[in-house]
Amino acid sequence: NSVTVLAGGVGGAKLAEGFARLDGDLSVIVNTADDARVYGLAISPDLDTVMYTLAGIANPRTGWGIDGDTVAVLDQMRRLGQDTWFTLGDADLATHVLRTDRLHRGIPLSTVTAELATALGVRAALVPMTDDRVATLVDTTAGRFGFQEYFVARRHADTVTALTFDGVADATPAPGVLEGLREPDVVAIAPSNPFVSVGPILAVPGVRAALASSSAWRVAVSPVIGGAALKGPAAQMLADLGHEVSALGVARLYTGLIDAMCIDERDAGLAPAIADLGVDVIVTNTVMAGGADRERLARELLAE
Ligand code: GDP
Ligand code: FO1
Ligand code: CA
């Protein structure tokens with residue numbers, strides 16, 4: 001079988017790893033609207049989170065960064081009077097230095113990403129949503145912030161009033177994105193943040209239409225369990241932007257794009273209301289702690 005996963009960072013990486021542990025071709029289309037420049041380096045947090053997870057070197061405590069990494073460079077940056085709210089580990093920096101150099105030479109992000117992933121032994125195709133620059137801007141009651149400033153520096157504590165994906169109207173899908181949506185047996189929307197992880201991918205011109213008309217069986221896994229996100233601002237954003245704070249609220253966002261919605265067993269009571277949207281409902285344990293959980297969930301989705 002062939003599977004394409006639409007992914008943000010930590011939630012996306014977990015489901016992608018589940019599929020990577022099974023036989024078959026896997027393509028992971030990853031959000032790049034979180035990308036940022038730090039110390040002049042090109043940082044692609046969601047691509048790196050998926051890459052390190054599939055390479056088996058992700059920090060298991062945070063989900064992002066490299067397991068066992070040190071912060072000597074960051075400590076020195078602090079001595080040099082620089083802002084250090086964005087934690088870049090020493091080993092992680094090698095990725096950013098190489099990526100920045102390759103991009104400066106005019107090599108597209110999709111090619112650079114494939115090179116890095118291959119070097120780390122990742123067998124799945126890791127595909128950025130676009131090779132063009134797209135940047136999420138977060139309007140809040142405290143003002144407008146770049147995504148990492150909103151998320152990391154301000155700990156996603158502000159009330160969100162609007163989201164803008166700057167540059168997205170002029171972006172084109174990276175090579176492999178549209179093919180990855182049209183051709184596989186299964187497209188899975190990972191339990192990633194629907195607004196700032198999946199939202200930017202769907203906003204790249206042509207992507208939503210390719211998914212809407214895909215012949216693949218399409219399933220989304222809810223990142224919201226029992227009315228709360230396991231981490232991050234997904235539940236807060238549902239509330240702030242006027243949606244129901246539940247797996248039903250998430251399912252409504254994907255209306256017309258999915259054949260099935262996978263929700264946690266704790267939310268079994270929402271199944272009839274989700275089915276009324278015209279989708280199949282899969283109820284199972286969707287909490288992916290370790291590799292075995294991730295593989296089991298992926299296997300259950302493929303069995304549908
Ligand atoms: P980020 O880019 O690192 O913020 O990660 P994503 O956007 O890919 O995923 C964030 C979402 O993943 C959060 O809303 C979490 O609730 C969700 N999430 C994290 N781990 C799990 C899990 O094991 N199961 C489910 N269902 N959702 C998860
Ligand atoms: N997330 C944090 O919450 N704090 C950090 O200091 C941080 C640093 C960081 C460095 C490299 C990288 O690839 C990811 C990093 N992340 C950090 C994760 C990431 O920026 C966010 O979790 C997601 O983009 C949020 O969607
Ligand atoms: Ca992210």
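Only this structure's heavy atoms are used, side chains among them; waters, hydrogens and symmetry mates stay out. All ligand and atom numbering here is 1-based and tracks the order in the structure.
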*Tell me: protein heavy atom nearest atom 20 (O) of ligand 2, and distance?*
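For atom 20 (O) of ligand 2, the nearest protein heavy atom is Q148 OE1, 2.9 Å.
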*Where is the nearest protein heavy atom to atom 12 (O) of ligand 1: which residue, which atom, and how far?*
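Minimum-distance protein heavy atom for atom 12 (O) of ligand 1 reads P191 O, 2.8 Å.
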Between [X] and [Y], a side-chain donor and acceptor under 3.5 Å:
{"X": "T136", "Y": "Y150", "result": "no"}
{"X": "D264", "Y": "T286", "result": "yes"}
{"X": "D131", "Y": "S110", "result": "yes"}
{"X": "D46", "Y": "N31", "result": "yes"}

_Could you check whether any heavy atom of T49 sits closer than 4.0 Å to an atom of ligand 1, since that is the contact criterion I want to use?_
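Contact check T49 vs ligand 1: negative.
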*So is A190 in contact with ligand 1, going by heavy-atom distances below 4.0 Å?*
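Per 4.0 Å heavy-atom rule, A190 does not contact ligand 1.
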*Taking the minimum heavy-atom distance to atom 12 (C) of ligand 2, which of P45, A234, A58 ranks first?*
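The option holding the nearest heavy atom is P45.
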*From atom 16 (O) of ligand 1, work out which of S192, P223, G11 has a heavy atom at the shortest distance.*
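Among S192, P223, G11, the closest heavy atom to atom 16 (O) of ligand 1 comes from P223.
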*asked:* Please list, in number order, the atoms of ligand 1 under 4.0 Å from a heavy atom of A234.
replied: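 Checking each atom against A234, I get 14 (O).
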_Distance-only N or O hit between ligand 1 and I225, under 3.5 Å_ =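 No.
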_Could you report the tightest heavy-atom contact between A234 and P194, atom names first, then the distance?_
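Where A234 meets P194 most closely, the heavy atoms are CB-CD, 4.3 Å.
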